[in-house]
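One structure is given below, encoded as structure tokens.
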Amino acid sequence: MEDEKKVEPEYLKGFNEGYIMAQHMPELAEKLAGINSDFIRLVGFKEGREQFQIEQTKDRRPDWLKNDRFTRGQGKSTPSRDRDIEPDKE
């Protein structure tokens, strides 16, 4: 079970390099990510670059799309939620 959680050091180095390079030198990171290889460090590089891109996409979203709509609204009352229902008059 613990073996599944361990990350290879070469993969981790590549992931961190890909993330940082995508942040500071996106053109070079894109060229390096285009290399076809199965080296574990390059796989980590590509995934680190992708992670940075995902985070950048989330940062550009409007606030109402960033957070979970259901947890954000809890505790706040809406007009229809607090409206009393009057019994039918006979």
Side-chain angles (χ1 to χ4, degrees):
M1 192 58 124
E2 290 181 14
D3 292 334
E4 294 176 12
K5 293 181 182 180
K6 290 184 181 179
V7 177
E8 292 188 36
E10 287 296 310
Y11 173 86
L12 187 58
K13 284 181 186 178
F15 184 92
N16 291 335
E17 290 167 348
Y19 188 94
I20 291 170
M21 195 165 294
Q23 188 175 18
H24 298 286
M25 294 188 243
E27 297 86 15
L28 181 58
E30 184 177 351
K31 289 179 183 179
L32 291 173
I35 297 172
N36 291 328
S37 179
D38 291 334
F39 289 119
I40 191 73
R41 191 166 181 171
L42 188 57
V43 171
F45 181 91
K46 291 177 182 180
E47 291 180 6
R49 178 179 168 267
E50 289 173 14
Q51 180 64 35
F52 177 77
Q53 291 174 336
I54 290 168
E55 290 176 8
Q56 289 301 304
T57 303
K58 287 182 182 178
D59 287 344
R60 292 183 183 143
R61 292 180 184 169
D63 288 338
W64 62 275
L65 284 176
K66 286 181 183 178
N67 299 326
D68 185 17
R69 291 182 287 162
F70 301 108
T71 59
R72 186 179 64 200
Q74 290 180 356
K76 295 182 180 178
S77 61
T78 59
S80 62
R81 189 178 295 171
D82 292 334
R83 197 175 299 162
D84 292 329
I85 299 174
E86 295 181 20
D88 292 336
K89 294 183 180 180
E90 293 181 23

Checklist entry - What distance separates Phe45 CZ from Glu50 CD, expressed to the nearest 0.5 Å? => result 11.0 Å
Item to check | Pairing residues for Thr57 by the side-chain contact (heavy atoms from CB on, under 4.5 Å) criterion, not counting sequence neighbours | outcome: none
Checklist entry - Going by atom types only, do Gln51 and Glu55 share a side-chain donor-acceptor pair under 3.5 Å? => result yes
Checklist entry - Residues two or more places apart in sequence or in another chain: which of them pass salt bridge (charged side-chain N to carboxylate O under 4.0 Å, His left out) with Glu10? => result Lys13, Arg41
Item to check | Point-to-point distance, once rounded to the nearest 0.5 Å, from CG of Leu42 to CD of Glu47 | outcome: 10.5 Å
Checklist entry - Does Val43 belong to the same Ile/Leu/Val/Met/Phe/Trp/Tyr cluster as Val7, with side-chain heavy atoms less than 4.5 Å apart forming each link? => result yes
Next on the checklist: Are Ile35 and Leu28 linked, directly or through intermediate hydrophobic residues, by side-chain heavy-atom contacts shorter than 4.5 Å (ILVMFWY only)?
Outcome noted: yes
Checklist outcome for this item: Contacts of Ala22 meeting side-chain contact (heavy atoms from CB on, under 4.5 Å) (sequence neighbours excluded), chain-then-number -> Ala29, Arg49, Phe52
Checklist outcome for this item: Note: Leu32 and Met21 closest approach over all heavy atoms is CD1-SD, 3.6 Å
Checklist entry - Would the number of heavy atoms belonging to other residues, nucleotides or ligands and lying under 6.0 Å from CD of Glu30 be above 12? => result no
Checklist entry - Does Leu12 share a hydrophobic cluster with Ile40, counting links as ILVMFWY side-chain heavy atoms below 4.5 Å and allowing steps through other members? => result yes
